Amino acid sequence: MAKYKKVEVIGRGADGVVYKGLDRETNQTVAIKKLHYIHCYNGVPDITIREISLLGQMDHNNIVKLLDVACDDYNKCHLIFEYLDLDLKKFMENNPLACLNKQRIKNFLHQILLGVAYCHKRGVMHRDLKPANLLLDLNASVVKIADFGLARTFQIPIREYSPEVVTLWYRPPEILLGSRVYSTPVDVWSVGCIFAEMVMHQPLFDGHSKISHLHQIFRIMGTPDETTWPGVTSLPNYSLDFPKHNPENLKDYFPQLKPAALDLLSEMLCMDPSRRISAPCALEHAYFKEEEEEDEDDDDDDDDDDF
Ligand code: INR
């Protein structure tokens, strides 16, 4: 770690503290993630080595790049990443709705799906996609996915390192219902929630407990049953006492969206994970083939839409 200098804490996640830092040799700003549960001298678990090396092999414009792995004097393992100074959560908090015009939403969504499709092709799922994990370079108009939680991928119980509450807002129904065999569709659900949030500038589902969150999902997407989602009634947390809701028309919630956008959103928010659209299919959706009209508050005239 002598090569790096920690400057300030910028985040806390399930795996440890994240710092803004400096590479002393190149003067390059980096992000440093200190893995709080891994001591190098104990022998790093095989699975962790595998996870970190998988992370190191990920080489895609829409995935934050792992640059180095380093050990400090206390034998704590640190992951060194490229640095970006903004995330989508802060961007949405600090900017009025107009900053996320239709072209920009389409552009961001396309990049997020490219990153997710790349991970899924390599057999990696993220499992915790949310606006705070999407880093932005506004000058280059680039979105990069961060925080592939190592702890989560090897099934250490989810316990945030910080007192901050773990957000359930982007969790898909199959995880909330206790399914243990979930797969890549979990990330597509999260991207659907993020799409909706970019459009509305507020979270689509924002339950404070698993059960209230599930009920919020059911109220809009309909309560699942064996006809809409074969096998759902066998999931551990399924209850025959769930209130029965019919699916709402998403058009009523998103009057600003055109049919193609509504169709893609509803395909990403399909309750049954086996019928949910995949990331590669979503990239081929008609929504990405049609141009968005220029809107009056869009002063970014060099931001051409090439899909
Ligand atoms: C910022 C973060 C900017 N950049 C928080 C942040 C606030 C403002 O976590 C971050 C990262 C960055 C970051 O620039 N590169 C990385 C986070 C992570 C990896 S991870 C890489 O995986 O979430 O710890």
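Predicted model only: the values in this text are computed from it and were never measured. FYI, the numbering just counts along the sequence from 1. Start at 1 and go down the list; that is how both ligands and their atoms are numbered.
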Do the ring centers of F288 and H110 come within less than 6.0 Å of each other? yes

Please produce the table of protein N or O atoms sitting under 3.5 Å from N or O atoms belonging to ligand 1, one pair a line, distance to 0.1 Å.
residue, atom, partner, partner atom, Å
ligand 1, 4 (N), L84, O, 2.9
ligand 1, 14 (O), L84, N, 2.7
ligand 1, 14 (O), L84, O, 3.0
ligand 1, 15 (N), E82, O, 2.8
ligand 1, 22 (O), K33, NZ, 3.2
ligand 1, 22 (O), D147, N, 3.0
ligand 1, 24 (O), K33, NZ, 3.3

Partners of E284 by side chain to side chain contact (heavy atoms under 4.5 Å, CB included), sequence neighbours excluded? K289

Would F195 and Y287 count as a ring-ring contact (aromatic ring centres under 6.0 Å, His included) if you check the C-alpha gap in whole Å, the side-chain angles of each, and the deciding distance to 0.1 Å? CA-CA 12 Å; F195 181 21; Y287 169 65; 5.5 Å; yes

Which residues share a side chain to side chain donor-acceptor pair (under 3.5 Å) with E25, sequence neighbours left out: none

Of all heavy-atom pairs between A146 and L135, which one has the smallest distance, and what is that distance? CB-CD1, 3.8 Å

The remaining residues in the hydrophobic cluster of V18, counting side-chain heavy-atom contacts under 4.5 Å among Ile, Leu, Val, Met, Phe, Trp and Tyr, are I10, Y83

